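Each remark here refers to the structure printed beneath this line.
Predicted, not measured: the structure shown is a model, and the values here were computed from it.
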Amino acid sequence: MQVTRLFAAMSLALAGVAVSGAAAAQTYVKIDGSSTVFPVTEAVAEDFQKSKKGAVRVTVGISGTGGGFKKFCRGETDISNASRPIAKKEMDACKEAGIEYIELPVAYDALTVVINPKNDFVKQLSVAELKAMWEPAAQGKVTSWKQINPAFPDKPLKLFGPGADSGTFDYFTEAVTGKSKSSRGDFTASEDDNVLVQGVSRDINALGFFGFAYYEENHGKLKAVPIVNEKGQAVLPSNDNVINGSYSPLARPIFVYVNAKAAERPEIKEFVEYYMTHGSKLAKEVKYVPLPAKAYSHNMEQFKAMKKGTKFGGENKVGLTIEELMKLEAK
Amino acid sequence: MNQQELQSLRDLIGKHKRYDWLFGILGILSLMVGILTFLALFVDMAIEGLGRIDAEFLSSFPSRRASEAGILSAWVGSLLVMFVTAVAAVPLGVAAGVYLEEYAPKNWITDIIEINVTNLAGVPSIIYGLLALGLFVYTFGLGQSIITAGLTLALLILPVVIVATRESIRAIPQMVREGAYGCGATTWQVVRDHIVPYSSAGIMTGVIIGMARAIGETAPIITIGALTFIAFLPNAPFTGEPPAGPFDWLFSPFTVMPIQMFNWTSRPEAAFLENAAAAGFILVFMTLLMNGAAIWLRYRMRKSIKW
């Protein structure tokens, strides 16, 4: 048939070009993965490339944490951005392909629960209250603020959150309902956080959650809700509160995973070292919470010693402080 | 004819003229729906983004700082991908169209091919992306490169080019063919000297429509793995690391305008929205430029036809 003939002709033509083009090799640092980690890695890539005057080419894609690991475990990328630790399935896929990796936390993100600035009855929320709002059993039943806390008025509860494909959604549901991806389905979901910002800023009865950076850029339109931690303190998200561990359990570490074999290449080594040296300043600039200096030097040691594997054993740990994170040992 | 009959005739004509006039208004209104929607979007985008457009915006790479970010890698990527698309889709599409019109026997197999080609035009673009991911990226090992993107979009617009080719071939009067065959020309001679030259204006129109669709496509390009941050340009021919060939740029990683825009609209900083609007304005401008060039070419070709 016509189509097969077209394909046959095209594949012939392609084979010719492929042979002639395969010879040229450039030094690339290929990075892909989470959109949450993207701004930090992008900033590092931008400066690193400038410092090398274009001798090394860095590319950063956005395929999501899961999509990034798929490519990473096929050996297509050198570094994978991840907004959660590598999962069991992904560990197996990497193992099967013989890909080993070094896990490096690069910053913290504080998931921020926001309400409309005109909302004057919510002063703080506990994890239990968030659970009452978001758990699957609440679907269609919990529709009024009064059902969350009798002190709240009987006003309709309008919920906004990221879509089910995002790592932010995974982490929030795990921290709040105890199980990743376990959430009510009847809320306004969008993969674009700016849509959520718009939604909450226009509806006085709305509540939503997303990464800290989106709150930071929209202070006037939104109000962050202090979250009650295990010690019973209501804490607002901020750099200090994440670093001292009091903003819990909605603070989460974000990671890069470096292919261990690629790490032997000089350009990858230099890039990772650049990341660990300048990561703190750059993370802050793009509105993420940087790790303390000793965490980056700890990372550097781990990287130089080529400590392979994950410290999470394929599971996400909720409410991990920076101190606890550094104490974890790779298994 | 008496006065009364004349009057009623005039009334009748008047009534029909009113309908005529009414339809004209209706037609203009229908036209306005499309044009005004486009204008509103375009003006909105221009107001927001025009302030950002300067030489620096066009010659800078993306950056974490909105005021320093530019679209150099994006517009160069879009242009190169479009070039590969045109180079691949036009010969294939025209050859397929000519075959179907001039060579193919009129039987059920040809009918099935015809139906398939028409249906292909309605396949969602992401399907082409998935096909390309399996075929070009993995099977042929072309990677996530400009050539993969160009060929993917070529497949996408192929049905449009084929259908346009066939339509314009059908518009050529039968007597042209009969005259040529009468002089003893072979089918190939008829195609080469008459069919393709006479139908080229119509083919150009099809190509324009196809390319205009392709330049704004995002889904298939994302599926094959275009990148979001890329701060270098593909190597110009013979300039990369030795041994540098003339076609190294085909295998370079890339990004395109719609992806850059999409990335900017989802940023938290409002300043990036301005960048996105500016990039959108440039994208529309690029499309217009491309269409303009094609229309001019078509005009030149029409002038050279003598029959």
Side-chain angles (χ1 to χ4, degrees), chain A residues 1-3 5-7 9-11 13-15 17-18 20-28 30-32 35 38-47 49-50 54 57-63 67 71 74 76 191-195 197 210-218 282 285-287, chain B residues 61-65 68 88 92 95-96 99-100 104 109-110 112-113 116-117 120 135-136 139-145 147 151 154-155 158 162 222 225-232 235 240-253 255 259 262-263 265-270 273:
Chain A
M1 300 227 317
Q2 194 67 30
V3 178
R5 274 182 45 180
L6 285 183
F7 274 127
M10 261 161 52
S11 35
L14 287 178
V17 192
S20 70
Q26 270 276 351
T27 45
Y28 286 108
K30 288 187 182 166
I31 309 172
D32 209 327
S35 59
F38 178 81
V40 187
T41 303
E42 181 202 39
V44 176
E46 186 186 348
D47 282 9
Q49 204 161 269
K50 272 186 197 146
R57 298 176 155 188
V58 188
T59 64
V60 192
I62 299 182
S63 323
K71 289 185 182 176
R74 276 198 298 251
E76 290 171 22
E191 300 296 341
D192 183 349
D193 290 335
N194 282 325
V195 174
V197 170
F210 36 72
F212 187 60
Y214 287 87
Y215 166 66
E216 276 285 280
E217 292 291 338
N218 294 284
L282 293 171
E285 197 182 323
V286 293
K287 305 281 163 30
Chain B
F61 290 116
S63 163
R64 65 180 178 280
R65 300 187 193 94
E68 287 174 21
L92 284 175
Y99 173 81
L100 282 175
I109 299 181
T110 314
I112 289 179
I113 295 173
N116 270 318
V117 168
L120 270 182
L135 195 72
F136 298 140
T139 313
F140 292 157
L142 294 175
Q144 285 130 3
S145 56
I147 188 169
L151 292 176
L155 285 184
L158 206 52
I162 294 176
I222 286 187
L227 295 150
T228 310
F229 174 81
I230 180 158
F232 55 86
N235 288 330
E241 273 182 14
F247 295 117
D248 289 358
W249 59 270
L250 281 173
F251 299 91
S252 175
T255 191
I259 294 182
F262 178 69
N263 175 257
T265 54
S266 63
R267 290 293 187 108
E269 298 97 320
L273 290 180

Considering only heavy atoms, which portion of A/E216 lies under 4.5 Å from any heavy atom of chain B: side chain, backbone, both, or neither? neither
Which atom names give the shortest non-hydrogen contact between A/F38 and B/R267, and what distance separates them? CE2-NH2, 3.4 Å
Keeping the roles fixed (side chain from A/E217, backbone from B/A270), state whether a donor-acceptor pair exists under 3.5 Å. no
Between CG on residue A/N194 and OG1 on residue B/T265, distance to nearest 0.5 Å: 7.5 Å
For B/F232, look at atom CZ and say whether over 12 heavy atoms of other residues, nucleotides or ligands are found less than 6.0 Å away. yes
So, do A/K71 and B/Q144 sit near enough that their side-chain heavy atoms are less than 4.5 Å apart? yes
Is the shortest side-chain heavy-atom distance between A/E42 and B/T228 below 4.5 Å? no
Between A/V286, A/V44, A/V40, which is the residue that forms a side chain to side chain contact (heavy atoms under 4.5 Å, CB included) with B/R64? A/V286
Indicate the atoms forming the closest heavy-atom contact of B/P268 with A/A213, along with that distance. CB-O, 3.8 Å
Inter-residue atom distance A/I62.CD1 - B/S266.OG, 0.5 Å rounding: 6.5 Å
Test item: A/E46 and B/F229 side chains (from C-beta on) under 4.5 Å apart, heavy atoms: yes
Nearest heavy-atom pair of B/L227 and A/T59: which atoms, and what distance? CD1-CB, 3.5 Å
Which one of A/K287, A/E191, A/E76 has the most heavy-atom pairs closer than 4.5 Å to chain B? A/E76
